[in-house]
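Data block below; observations after.
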Amino acid sequence: MPKINRYQDISEIDREAKKDFIDRHSAFVHCEGTAKAGEAFAVTVKVGEEYQHPDDMDHYISSVALYNKDTKLAEATFFAGSQGGQDKKGNTTVTFNVVLDKDAEFVAHAFCTKHGLWESDPVSVTVAA
């Protein structure tokens, strides 16, 4: 099982010193706080809130996955060069449309080909009838 990196796993001192490194690898979930049962609900996952990740042939974000607790809901796969190419920074953002029937807790994973798996903070969504 690969090690899952999380933003809060890094000490406060290291977090500030390595802010750009941590940010450009971390997945961030963006969505409304409430959804209507049975209707499409947009969940956007962005890799890097302030900094963009490289898109080199040997160092890029190869996938972004969205989970509701332990259930994988969706996954997007990327290939080297698909986010800008060699010596450029990629804007790895994907929007998934999911249908919910009960409250959800979303977590996203981003996989960097050089630095492994990174997990977002959980985001809770309340589902109304």
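Here, residue 1 is the first one in the sequence, and each next residue gets the next number. When reading the values below, keep in mind they use all heavy atoms of this one structure, side chains included, and skip hydrogens, waters and symmetry mates.
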ask   = Atom CE of M57 and atom CZ of F79: how far apart are they, to the nearest 0.5 Å?
value = 11.5 Å

ask   = So how far is it from F21 CZ to H53 NE2, rounded to the nearest 0.5 Å?
value = 8.0 Å

Donor-acceptor contacts under 3.5 Å from residues 40-50 side chains, at least two apart:
from	atom 1	to	atom 2	distance (Å)
T44	OG1	T95	OG1	2.8
E49	OE1	H30	NE2	3.1
E49	OE2	H30	NE2	3.3
E50	OE2	K19	NZ	3.3

query = Is there a donor-acceptor pair under 3.5 Å between the side chain of D55 and the backbone N or O of G81?
reply = yes

query = Is there side-chain contact between Y60 and T92, with heavy atoms separated by less than 4.5 Å?
reply = no

ask   = What pairs of residues pass the salt bridge (charged side-chain N to carboxylate O under 4.0 Å, His left out) test when at least one of them lies in residues 57-75, not counting sequence neighbours?
value = K72-E75

query = How about H109 and S63: do any of their side-chain heavy atoms sit closer than 4.5 Å?
reply = no

inquiry  = Do V98 and V123 land in one hydrophobic cluster if side-chain heavy atoms of ILVMFWY residues count as linked below 4.5 Å?
reply    = yes

query = Does T93 have any side-chain hydrogen bond (donor to acceptor under 3.5 Å, both in side chains) partners at least two apart in sequence or in another chain, and if so, which?
reply = N91

note = Output for pair (F106 CZ, N68 CG), nearest 0.5 Å, gives 5.5 Å

task = Hey, could you give me the CD/CD1 distance between Q52 and I61, rounded to the nearest 0.5 Å?
result = 11.5 Å

task = Can you see which heavy atom on A37 is nearest to which on A129, and at what distance?
result = CB-CA, 4.3 Å

message = Under the salt bridge (charged side-chain N to carboxylate O under 4.0 Å, His left out) definition, can you give me all pairs with a residue in residues 95-107, not counting sequence neighbours?
response = none

request  = Starting from V107, walk the hydrophobic network (Ile, Leu, Val, Met, Phe, Trp, Tyr; side-chain heavy atoms closer than 4.5 Å) and list everyone else you reach, by chain and number.
outcome  = none

task = Mind telling me whether H59 and H25 have parallel, tilted or perpendicular rings, with 30° and 60° as the class edges?
result = parallel

ask   = Y51: which other cluster members, linking ILVMFWY side chains closer than 4.5 Å, directly or transitively?
value = none

note = With sequence neighbours left out, the residues meeting side chain to side chain contact (heavy atoms under 4.5 Å, CB included) with A76 are F78, V94, F96

inquiry  = Grouping I, L, V, M, F, W and Y whenever their side-chain heavy atoms are under 4.5 Å apart, do V29 and L100 come out in a common cluster?
reply    = yes

ask   = Which hydrophobic side chains are connected to V99, either touching it within the sub-4.5 Å cutoff or through other members that do?
value = none

request  = Spell out, yes or no, whether W118 and L66 are grouped together once hydrophobic residues are joined by side-chain heavy atoms under 4.5 Å, including indirect joins.
outcome  = no

E39: partners by side chain to side chain contact (heavy atoms under 4.5 Å, CB included), with sequence neighbours left out = K36

